[in-house]
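What follows is one structure encoded as structure tokens, with my remarks underneath.
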Amino acid sequence: MSEKELGKKWDRCLADGVIKLGTGLGLGIVFSVLFFKRRTWPISLGSGAGLGMAYANCQNNLRSHYLQHRIEAVCFRTASCW
Amino acid sequence: MAARILPLLKLATKVTIAGGAVYVACDSGLLGTSEQGSEALEKARAAIPPAIEEWMKYFGLEAQVPAIPKIEISPVEAWNSGKNLVRIRIPLLVPQRVNCNIAMAQVQQDFFFNKVNLPTKTLEYYPVSVIISFGIKYSLTTVISSITGVRWTISSLSEAPTKASEYASQGVQYAKDLIK
């Protein structure tokens, strides 16, 4: 993976983290106001869930490059993929 | 009868609002992959300034507030601004390596003259100001107005009481017909 590609992936991770944190926060606020009498824990849960989703996406993106190369290497060695 | 229906109606309204919020979040790609999130971010960046301008025109604030400046701080450009300085200085160092190892010197020369990617100078990330401004400006009313338009929003708000009473009377009539 080149440095430019890695930089773009980190770029996307950062933006995705902010988006999911904001979305989780927003949904947490909505649920807290509507169902849970303005308690704090739905907001924390929503924010944490959003951050967790962003972390999982980032992890998947960063690992996907090596997974793709590993699949290609296995196919090359075994010649059983086509 | 009304005492039984009112809490149910209240719960149904809350569930509808919450369900709608979750649906909008999922449908717009905010809870999907990082590519979908980036697309949603780009759509919001493209849609928010015209929506703000339209609202400002509607409320007559155009003359009072100056035009919103486009803040495009690019940390990438600032980070990589020193590469020209590096390219000037490095030729002084390369001749010291030539005597030791010509192959290594060639690699270093390629490295220093940007034929290969520099390891620390090519990091790219979104401008921080864009992310901060997105977080501040991303409110539900702005998104709704950018999608549906100012005029539609204001006319809908003004027609809402009459529409609500019409729907309520239709609902009561339907309930009466069911009871008969």
Side-chain angles (χ1 to χ4, degrees), chain A residues 1-69 71, chain B residues 10-45 74-76 79-80 111 114 116-141 143:
Chain A
M1 196 189 319
S2 68
E3 285 294 328
K4 199 172 181 181
E5 200 180 320
L6 182 65
K8 281 185 181 174
K9 288 195 175 189
W10 276 113
D11 195 358
R12 220 177 292 141
C13 281
L14 187 65
D16 193 41
V18 172
I19 289 166
K20 291 216 168 28
L21 177 67
T23 307
L25 190 72
L27 287 177
I29 290 172
V30 167
F31 275 84
S32 170
V33 166
L34 291 176
F35 297 112
F36 298 108
K37 298 176 187 175
R38 298 180 190 176
R39 299 267 173 88
T40 318
W41 67 264
I43 301 171
S44 308
L45 182 67
S47 309
L51 270 178
M53 290 168 74
Y55 182 84
N57 277 349
C58 190
Q59 195 177 40
N60 195 28
N61 280 341
L62 290 171
R63 281 183 184 173
S64 64
H65 176 80
Y66 300 105
L67 193 64
Q68 182 68 25
H69 282 286
I71 290 171
Chain B
K10 210 171 163 184
L11 181 65
T13 310
K14 287 181 181 180
V15 169
T16 307
I17 293 171
V22 173
Y23 175 76
V24 166
C26 291
D27 190 50
S28 58
L30 294 173
L31 295 177
T33 60
S34 54
E35 285 83 12
Q36 290 174 347
S38 300
E39 282 174 18
L41 179 63
E42 287 300 320
K43 281 183 196 172
R45 280 182 66 188
S74 177
V76 174
W79 187 263
N80 287 334
F111 173 82
N114 271 343
V116 296
N117 287 330
L118 291 170
T120 59
K121 297 289 184 182
T122 57
L123 285 176
E124 294 177 352
Y125 48 96
Y126 280 115
V128 174
S129 63
V130 171
I131 294 172
I132 291 171
S133 63
F134 173 75
I136 291 169
K137 291 174 189 175
Y138 190 67
S139 63
L140 196 59
T141 52
V143 171

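Letters A, B, ... are given to chains in the order of the sequence lines, protein chains preceding strands, and every chain is numbered from 1.
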For this session: Identify the residue among A:Asp16, A:Asn61, A:Asn57 that makes a side-chain hydrogen bond (donor to acceptor under 3.5 Å, both in side chains) with B:Ser34.
Result: A:Asn61
Problem set entry | Shortest non-hydrogen contact from B:Leu11 toward A:Phe35 |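 Of all heavy-atom pairs spanning B:Leu11 and A:Phe35, the closest is CD1-CE2, 4.4 Å.
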Exercise. Which heavy-atom pair separates B:Ala21 from A:Val30 by the least distance, and what is that distance?
Worked result: CB-CG1, 4.4 Å
For this session: Measure the spacing between OG of B:Ser28 and CD1 of A:Ile19 and express it to the nearest 0.5 Å.
Result: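 Separation between the atoms: 9.5 Å.
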Problem set entry | Heavy-atom proximity to chain B below 4.5 Å, by part of A:Leu34 |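 Backbone plus side chain of A:Leu34, per the 4.5 Å heavy-atom cut-off to chain B.
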Problem set entry | Under 4.5 Å from a heavy atom of chain A, the part of B:Gln36 involved | neither
Exercise. Heavy-atom count around B:Lys14 NZ within 6.0 Å, excluding the residue itself: above 12?
Worked result: yes
For this session: Report yes or no: does A:Lys20 contribute a side-chain atom to a donor-acceptor pair with the main-chain N or O of B:Gly32 at less than 3.5 Å?
Result: yes
